[in-house]
Each structure stands twice: as C-alpha cells, then as structure tokens.
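Below you'll find the structure, written out as structure tokens, and then a few comments.
Proteins come first, then strands; the chains are lettered A, B, ... in the order of their sequence lines, and each starts at number 1.
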2 protein chains.
Amino acid sequence: MANPKAGPQRSDWQRNHERLVATAAALVARDGAQVSLEEIAREAGVGSATLHRHFASRQVLLEEVFRDEVERLRRRAGELAGGDPRTGLVTWLEELTTSAANTRGLPASLAAGADVDSPDGDTCHGIVREATVVLVNRAFAVAAVRPEVSPDDLLTLVEAVSRATEGDPLTARRLLRLALDGICP
Amino acid sequence: MANPKAGPQRSDWQRNHERLVATAAALVARDGAQVSLEEIAREAGVGSATLHRHFASRQVLLEEVFRDEVERLRRRAGELAGGDPRTGLVTWLEELTTSAANTRGLPASLAAGADVDSPDGDTCHGIVREATVVLVNRAFAVAAVRPEVSPDDLLTLVEAVSRATEGDPLTARRLLRLALDGICP
DNA sequence: TTGACAAACGGAGGGGGCCCCCATATCGTA
DNA sequence: TACGATATGGGGGCCCCCTCCGTTTGTCAA
C-alpha cells in the first residue's frame, strides 16, 4: 500500500498520505511515539480506516515520519567518511545521539526497527546501521576502536542512551562521551 | 491503601493483596511491564476494581513486584561497600545490570521510578540510587572514577543498557563493560 | 462532456483496556 | 448471632486498535 514501487496512485490517495505523515510528525513530536493513531487520523481529517489502509502498522508510519531526518543523517555520515576515521566515528555517534535525543519518538522507532527483518536499506534503523558499519570499519582500519566492539554494540548503546534521555540532548551527549571515554581515569 | 503504615487490614484484603502481587510477578515475568492489569486481576481471581483499590497505579504495583529483588540488590551493595572501592563499584554496576536485564519489566520500572518524587528509600529506583551513591562516593575517595561522573549518570546508563538488552544479560554485561572501559584502546 | 469502473473513503462496530460507581457480600467483634 | 465497618466485583463510560462494507470520488475512454 505504501509501496514506493507502486504505479501512480489516485490524487486523493497521495493527498491523504501526505496529510497523515505531516500530522503524525506533529503529534509524535508533541506526544511521543505512543500517540493515538485515532487522533492522528482525526487531526488529519480522514477516517481511521484510511490511516490503516495507508500504514499497515504504527512502525510503518513512524518509518515514514522519520525518513527525512534519517536521510539527513545518512548524508552526514557520507561527509564524515571522508575525514579522519577516529574523529569521524566519534562525531557521527555524537550527532546521531543528539539527533535521536532531540527527535521525540525516534529512539523508540530506531530500536523497534532493529527487530524487523527487512533489508537494511528499507528501515530507518537499517540506514543508520549501514552508515555506522562504514564508519566503524574505517576506524577499525586505523585501530581507533577496540577490536571487540561491533557496530551493533555501538548502535544499541546510542539507541539506549538517546531513549533514556529523550528530550535532553545535552545529557544524552554527556552520557555518550562517558561511554566512549570510559568511566575510570 | 497499599500503605505499609496502615493498621491491620482484613484478612481478605491481605489475601487478595498477596495474590495480586504474586500473579503480577508471574505475568510481568512472562509478558513484560505492559501486561494488562485486567488480565492480572482475572488471573488472580479478583475484580479489576479490587486491583485498582490495592494499587493506585501500575507503577505502584510494579514497585511491590520488584521489591524483593531490589532488597536483595541493596544487601549486595552493603557487602560490596566493605571491600575495594574500585572493584566494588564495577561489580555493583555489573550485577545491577545483569539483574535488571534478567528481570523482565525491572528496567522500565526503575526508569519510571526516577520520575516519581517520593523519598529515595520508598521506590525501587530510590533504593538502587542510594546504594549507587554510596559506592560511587567510595570510588571517588580513591580517585577510581572520573570526577565528572555522577551516580545518576551511571544509573541512567545502567537502566538504558538493561532496558535495551532486556532478556539478554550477556549482551547487557558486555555493553556495560564497554561503557566502563571506553570504546577506544 | 459524460458514463462507467476501479480505487479510495469513512462510519460503525467488535474486541480489549483502564478506571470508577455503588449495590452487595464478608469479616471481626460485642 | 447480629451489626457495622470494610472490602468486593459487575457493569458502564470512555478511549484505543483494527476491519467490514456500503458509499463516494477520481480517472479515462468514448
């Protein structure tokens, strides 16, 4: 239904789709990822059946809500992959954490996306994961990261920290630095 | 209602209270902290009104469900406060993380408890927090921890990691060690 | 322009959850 | 045993998720 490969849809379909995503973005930003789907439909001026026809699950809707921000992050990772591997990875993890802590609902959505078994490029979690893998591998190559650390470890850590500090990017950033540097002197 | 200072309650009150906590413990262990309160009441053989009369909120019920495990942890912290400050703190954080990751619903309950403004000794979060403060202060005294690290930072980190790895204590432990030691060599 | 068909819509309802009201039942005691 | 305080639970209100199905709307060919 929300299939990007599908042919041209009717104009009302497209209009409603956009209205739903925009409304969902606003309400998720205000109330978090658990906001009522009924309320999103009401606010968008469509019946709840329409919402469910467009998005098979809450997660599918959230994926679309956060797609732009995640695309921005992906491009940023591309930039960082051109510079110093160590700085690049650290900056990436910091900016990812800050973005997630700043974007209500994103940490929960990224974490939920980790449990879906669709190709990496198809989910927000997958996109972030691919970017992280690239930057971690570059850091590995110059021994800037402990060898026993995996990209998924780092992702779990980032998602955990940003979820625990949702709405407080400064604390999120501080906790991430703590984890990166270690607790002991 | 669930006030421990209250005088002797009627026997049926006490019986139902115990049944509810025991049933809640079983269902939370099976399904997590979001299990339906109606189901707990049904399974315990009481009306849902009775459940709400005994526990003003889900959080109050969870506090009671996890009280024993948290008391066990508190005692363990007391033991650890007698040995080496550095080892004691690290062991404490590891065991706390492992316990939380192993106990379905506990991470969520601890995190939720952080937002309640009741005295530290009254909530599971508060009890864990007091224990952590003691051990962190001992570690501070021998400079075994970076001075900019606060007990609440460590708690947030532990709660975040254990929540993100709920049901997988090995990963929880690995991620905690990572954070304690730092990501880079 | 119009007519016909596929595509899309939305109200309504079933199933469930949370919480509370109040008529009823039970416990402890005199 | 009878009485009053204490505790119970069914049922209802309200909201949520999701689907069915009768109705509307957009599109395109004639």
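The side-chain contact (heavy atoms from CB on, under 4.5 Å) check on A:E94 picks up A:V90, A:R173, A:L176, A:R177, with sequence neighbours excluded. Applying the side-chain contact (heavy atoms from CB on, under 4.5 Å) rule to B:N137 yields the partners B:V133, B:F140; only residues at least two apart in sequence or on another chain are considered.
In this structure, the CH2 atom of B:W13 is 17 Å from the C1' atom of C:dG28, given to the nearest Å. Taking atom CG of residue A:L20 and atom C1' of nucleotide C:dC9, one finds them 12 Å apart after rounding to whole Å. One interatomic measurement links the two molecules: CD of A:Q34 to C1' of C:dC18, which rounds to 16 Å at whole-angstrom precision. Atom-to-atom, CZ of A:R19 to P of C:dC9 comes out at 12 Å; the value is rounded to the nearest Å. Remark: P of C:dC9 and CZ of A:F55 are 11 Å apart, rounded to the nearest angstrom. What separates NE2 of A:H17 from C1' of D:dG26 is a distance of 18 Å, to the nearest Å. Distance, B:Q59 CD to C:dC18 C1': 16 Å, rounded to whole Å. In this entry the distance linking CG of B:L51 with C1' of D:dG10 reads 15 Å, nearest Å.
Closest contact between the side chain of A:T50 and the listed nucleotides D:dA7, D:dG26, C:dC9 involves C:dC9. The side chain of A:E38 lies closest to D:dC16 when the candidates are D:dA7, D:dC16, C:dG17. With D:dT25, C:dC19, D:dT19 as the choices, the nucleotide that has an atom nearest any side-chain atom of B:L37 turns out to be C:dC19. Each of D:dC16, C:dC22, D:dT19 was ranked by its minimum atom distance to the side chain of B:R53; first place goes to C:dC22. Considering only side-chain atoms of A:R10, the nucleotide from C:dA12, D:dT6, C:dA7 that sits closest is C:dA7. Comparing D:dT8, C:dC27, C:dG10 by their closest approach to the side chain of B:N16 singles out D:dT8.
For C:dG17, one of the phosphate oxygens OP1 or OP2 lies less than 4.0 angstrom from a side-chain nitrogen or oxygen of B:R42. Between D:dT8 and B:H52, no contact under 4.0 Å exists linking OP1 or OP2 to a side-chain N or O.
Of the inter-residue distances, the one linking B:L89 atom CG with A:I183 atom CD1 reads 9.0 Å to the nearest 0.5 angstrom.
No N or O donor and acceptor, one from the side chain of A:S36 and one from the base of D:dC16, sit under 3.5 Å apart.
Partner of B:D12 under the side chain to side chain donor-acceptor pair (under 3.5 Å) criterion, chosen from B:Q9, B:R10, B:Q14: B:R10.
Comparing B:R58 and B:S11 by the nucleotide of DNA chain C whose heavy atom lies nearest to each, the residue mapping closer to the 5' end is B:R58. Comparing B:A49 and B:D12 by the nucleotide of DNA chain C that holds the closest heavy atom to each, the one mapping nearer the 5' end is B:A49.
Formation of a donor-acceptor pair under 3.5 Å by the B:R104 side chain with backbone atoms of B:R30 is found in this model.
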